[in-house]
Amino acid sequence: MTIRQPSEAVTVGSCPPEFRRKVLDLGASGRKVAEVARLLGISDRTIYAW
């Protein structure tokens, strides 16, 4: 999984489906959305949109 720099914009359609699936799996495993978002440098709103 790639950690993004804060300057890189992430939109719902800008990431491959495999990346989105891994992000959602992290959330399903019990990690908080805010924690996953911070770790990966993406917005929590992006995760909720997925």
Side chain to side chain contact (heavy atoms under 4.5 Å, CB included) against Arg31, all qualifying residues, sequence neighbours excluded: Leu26, Ser29, Glu35, Val36, Leu39

Distance (rounded to the nearest 0.5 Å) between Phe19 CZ and Leu24 CG: 10.0 Å

Counterpart residues, side-chain hydrogen bond (donor to acceptor under 3.5 Å, both in side chains), relative to Asp44 (two or more places apart): none

Ser43 versus Ala37, closest heavy-atom pair with distance: C-CB, 4.0 Å

Side chain Arg20, main chain Trp50, donor-acceptor under 3.5 Å: no

